[in-house]
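The structure appears below as structure tokens.
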2 protein chains.
Amino acid sequence: MADTELDERKVKILNAIIKNYLETGEPVGSRTISKYTDLNLSSATIRNEMSDLEDLGYIVQPHTSAGRIPSDKGYRFYVNNLIAEKDKEVADMQEWMIEKTEKMESLLKNVAKTLANNTQYATLVSAPSVVSNRLKFVQLSAVDEHQVLSVVVMDGNIVKNKIITVDKPLDNETMLKLNMLLNTNLNGLTVDEINLALITKLKEQAGIHDEIIAQVLDTVAETITEGDDLQVYTSGATNIFKYPELADSKKASELLTTFEEKQSLMELLNDSTDGNENTGIQVYIGDESPISTMKDCSIVTATYELGDGVKGTIGIVGPKRMDYENVVDNIKSLKGQLDKLLKQEADRKNDNRN
Amino acid sequence: MADTELDERKVKILNAIIKNYLETGEPVGSRTISKYTDLNLSSATIRNEMSDLEDLGYIVQPHTSAGRIPSDKGYRFYVNNLIAEKDKEVADMQEWMIEKTEKMESLLKNVAKTLANNTQYATLVSAPSVVSNRLKFVQLSAVDEHQVLSVVVMDGNIVKNKIITVDKPLDNETMLKLNMLLNTNLNGLTVDEINLALITKLKEQAGIHDEIIAQVLDTVAETITEGDDLQVYTSGATNIFKYPELADSKKASELLTTFEEKQSLMELLNDSTDGNENTGIQVYIGDESPISTMKDCSIVTATYELGDGVKGTIGIVGPKRMDYENVVDNIKSLKGQLDKLLKQEADRKNDNRN
DNA sequence: AATTAGCACTCCATTCTAGTGAGTGCTAAC
DNA sequence: GTTAGCACTCACTAGAATGGAGTGCTAATT
């Protein structure tokens with residue numbers, strides 16, 4: 001894994017520089033390293049090595065006669081080694097918060113909150129994309145003469161509801177019939193699988209009530225897709241004030257606005273879903289970030305699975321000098337727990353079916 | 001309305017000072033006023049008057065040899081006159097956003113967003129307190145063998161749902177029976193009215209299923225009250241960065257954290273519900289605010305009614321030198337529209353009942 | 001050939017020093 | 001009661017002086 005362009009000593013020195021900078025946030029000088037490491041080298045030697053490292057692009061000087069700070073490339077090197085070599089020691093995490101799974105929404109809110117508390121960075125969690133998720137249950141009920149409540153339950157107990165206004169009251173019998181029709185035909189399907197043929201078939205079977213079926217189906221589709229863009233929960237956004245390099249008015253404003261609007265966060269999370277390979281962990285450093293307002297940040301994301309390719313994402317946003325080890329451990333652990341938890345539920349569901 | 005301690009000229013000068021300060025945010029000096037007003041007085045005269053106004057506590061000097069800025073008392077005087085005398089010219093507001101009332105939640109989110117855009121301050125909107133609101137419809141449905149979905153619809157089409165886990169599957173007949181039982185007994189009641197006697201009665205009628213009824217009732221209560229503390233939507237919190245006096249790291253951090261946590265915002269909104277008299281508009285200036293992190297802000301709130309004492313609140317948070325006129329106009333107009341809208345719905349409901 | 005000591009140099013950050021200007025308060029004249 | 005005039009205060013700014021951390025280079029050392 002160690003690049004050939006760096007000999008062992010350079011690697012040690014680079015790591016020392018980065019570790020130190022992660023702690024202090026100040027440029028680190030040759031004398032500091034000379035003492036900090038067990039290499040027993042004088043500051044002059046370190047200076048020569050640092051000069052090489054700078055030529056190679058791993059570190060930079062904010063100005064002549066200042067110490068060095070890691071470049072994006074330096075961070076990248078550090079993180080690659082970290083993730084490749086560490087794959088143990090996943091910290092134990094509180095499980096209390098997963099007790100009540102009934103509500104997906106509050107579960108995810110809790111995940112975001114806990115993670116923000118543990119890491120002191122800003123966190124975001126996206127709900128599993130509903131589009132390729134399966135319908136579990138549909139129900140229409142007459143609330144009053146002109147209003148019909150439609151409730152849709154998806155796998156993972158994601159519940160959506162909407163009130164439809166109808167011109168004429170529906171009698172009980174029709175209601176029952178429609179419910180039967182909807183449930184027998186739709187249950188177990190994904191949104192993608194509800195195609196025109198099926199819709200036509202449903203309408204035929206509904207007879208004179210085809211108008212209503214159409215409206216209901218529209219609503220079902222709408223119900224499922226509507227807030228989908230906005231299904232992202234954030235927490236600890238104001239933690240960024242803890243890091244001076246992000247806390248100045250302009251940057252903080254941009255960052256927090258990004259968090260408030262949530263729109264562009266989705267892009268980030270979607271991007272993560274594709275990108276990462278085997279580990280499921282994705283790290284963006286500085287300019288690597290897909291969101292321009294986060295050029296001065298690092299982002300760590302993990303994708304959790306709900307089965308059948310239905311995925312959601314957890315993310316952490318902090319300064320470039322974030323505590324990558326701790327963050328990766330935390331997020332890995334959480335991802336594991338979510339995977340496990342949702343797996344359990346999927347299994348339980350299958351048991352029921354058999 | 002004009003206080004006896006201020007003669008007409010002092011009032012004019014005070015107003016001039018405040019108006020000018022609202023625009024510029026800079027301390028305003030005697031020479032500025034001397035030109036700005038049509039009083040044709042020299043700066044020296046203004047100085048004398050300003051000295052008096054300072055003695056009376058309406059304005060303060062940030063330091064000797066600076067101009068004056070309004071004190072909280074000064075703002076208060078200004079606002080009182082403003083609200084008392086202005087009761088016309090309520091700006092016309094876009095109505096498009098109220099088209100789709102089906103979902104209370106998105107309606108309120110929209111209200112917050114629109115208001116934030118119009119005023120460029122931070123806004124918050126609380127959902128009508130569900131506690132004294134009436135149940136409109138309750139429904140239990142079996143999602144699978146161990147999970148029962150309970151949906152509760154309140155007046156104003158506030159829909160809440162929750163999934164209950166049960167040990168034994170419920171057969172169709174029981175389900176129907178329970179639904180009948182719940183709806184005939186609970187519809188039209190407020191949460192407060194569901195007392196022990198009623199619960200006992202329900203349990204008796206449920207026979208061997210009293211356990212389930214208990215659990216369901218628990219859930220209904222929980223469903224209704226649970227997220228109730230958190231039912232507050234905010235928008236434009238990051239607008240505070242537009243006002244230098246709030247944008248420094250420390251203050252901004254505190255303020256935004258308050259907005260993020262939402263907990264204490266509830267106190268503010270609850271406080272407003274009681275406080276205001278006939279107009280329905282409440283203005284907190286600086287220290288008057290019930291939330292300590294907003295000591296440097298002004299807050300304008302309005303209470304909207306959903307009928308039967310069920311109330312929600314709209315609020316705007318900005319710097320003390322906020323554009324009170326515009327804010328009050330906006331919030332008044334919005335309150336009016338919400339009142340009207342919800343009134344309509346209440347009427348429609350009553351029509352249906354007759 | 002690699003390492004180190006030593007020294008001159010650079011540049012940021014801090015402190016101090018006027019200098020400037022907006023604004024006041026007071027007094028005396030109108 | 002109003003105004004002109006003047007001395008005074010105080011924040012803000014620019015510039016100069018100082019100190020210190022850190023570098024790069026060269027020559028000596030191992």
Side-chain angles (χ1 to χ4, degrees), chain A residues 5-14 16-21 23-71 74 244-245 247-248, chain B residues 5-14 16-21 23-71 74 244-245 247-248:
Chain A
E5 61 178 351
L6 294 186
D7 59 33
E8 194 178 344
R9 196 169 74 179
K10 282 197 173 56
V11 171
K12 272 192 183 168
I13 292 175
L14 178 55
I17 294 174
I18 296 182
K19 279 232 172 79
N20 193 289
Y21 184 70
E23 280 175 28
T24 65
E26 299 285 305
V28 11
S30 54
R31 231 175 96 77
T32 314
I33 297 299
S34 165
K35 291 191 205 162
Y36 188 72
T37 61
D38 49 356
L39 293 169
N40 279 347
L41 293 174
S42 78
S43 62
T45 313
I46 304 288
R47 272 203 289 286
N48 290 329
E49 294 287 49
M50 282 167 84
S51 179
D52 291 351
L53 282 170
E54 179 159 19
D55 287 344
L56 293 169
Y58 289 96
I59 52 181
V60 290
Q61 264 181 310
H63 53 84
T64 40
S65 89
R68 309 300 215 287
I69 64 175
S71 67
E245 63 264 49
D248 76 283
Chain B
E5 61 179 351
L6 295 185
D7 58 34
E8 192 177 347
R9 196 170 73 179
K10 282 197 174 54
V11 171
K12 271 192 183 166
I13 292 175
L14 177 55
I17 294 174
I18 295 183
K19 279 234 171 77
N20 194 288
Y21 184 70
E23 280 177 27
T24 64
E26 301 284 304
V28 10
S30 54
R31 229 176 98 77
T32 314
I33 298 299
S34 164
K35 292 190 204 164
Y36 189 73
T37 61
D38 51 356
L39 293 169
N40 279 349
L41 292 175
S42 79
S43 62
T45 312
I46 305 288
R47 273 204 288 286
N48 290 330
E49 293 288 48
M50 282 166 87
S51 178
D52 290 352
L53 282 169
E54 180 159 18
D55 288 344
L56 292 168
Y58 289 96
I59 52 182
V60 289
Q61 265 180 308
H63 54 84
T64 39
S65 88
R68 309 301 215 285
I69 64 177
S71 67
E245 64 265 50
D248 75 285

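Numbered from 1 within each chain, the chains take letters A, B, ... in sequence-line order.
Although no hydrogens or angles enter the test, the distance criterion places a donor-acceptor pair under 3.5 Å between the side chain of B:T24 and the main chain of B:N20. With B:E49 contributing its side chain and B:K10 its backbone, the two residues share no donor-acceptor pair below 3.5 Å. Side-chain N or O atoms of A:S71 include none that pairs as donor or acceptor with a backbone N or O of A:V60 at under 3.5 Å. Not a single donor-acceptor pair under 3.5 Å links the side chain of B:S43 to the backbone N or O of B:S30. In this structure a side-chain-to-backbone donor-acceptor pair under 3.5 Å is present from A:Q61 to A:A66.
You can see that DNA chain C meets the heavy atoms of chain B within a 4.0 Å-exclusive cut from C:dG23 to C:dG25, reading 5' to 3'.
Nearest-nucleotide assignment on DNA chain D puts the 5′-proximal partner with B:N48, out of B:N48 and B:H63. Across the interface with DNA chain D, nearest-nucleotide mapping of B:R9 and A:R47 shows B:R9 to be the residue nearer the 5′ end.
The separation between A:Q61 atom CD and D:dG22 atom P is 11 Å, rounded to whole Å.
Looking at B:Y58 and B:L6, their side chains come closer than 4.5 Å, going by heavy atoms from C-beta outward.
Evaluated for a side chain to side chain contact (heavy atoms under 4.5 Å, CB included) with A:R68, the options A:L14, A:V28, A:L53, A:I59 yield exactly one hit, A:I59.
Here side chain to side chain donor-acceptor pair (under 3.5 Å) pairs that include residues 31-40 of chain A, with residues two or more places apart or in two chains, number zero.
Of the residues in residues 26-45 of chain B, those placing a heavy atom less than 4.0 Å from an atom of DNA chain D are B:N40, B:L41, B:S42, B:A44, B:T45, in numerical order.
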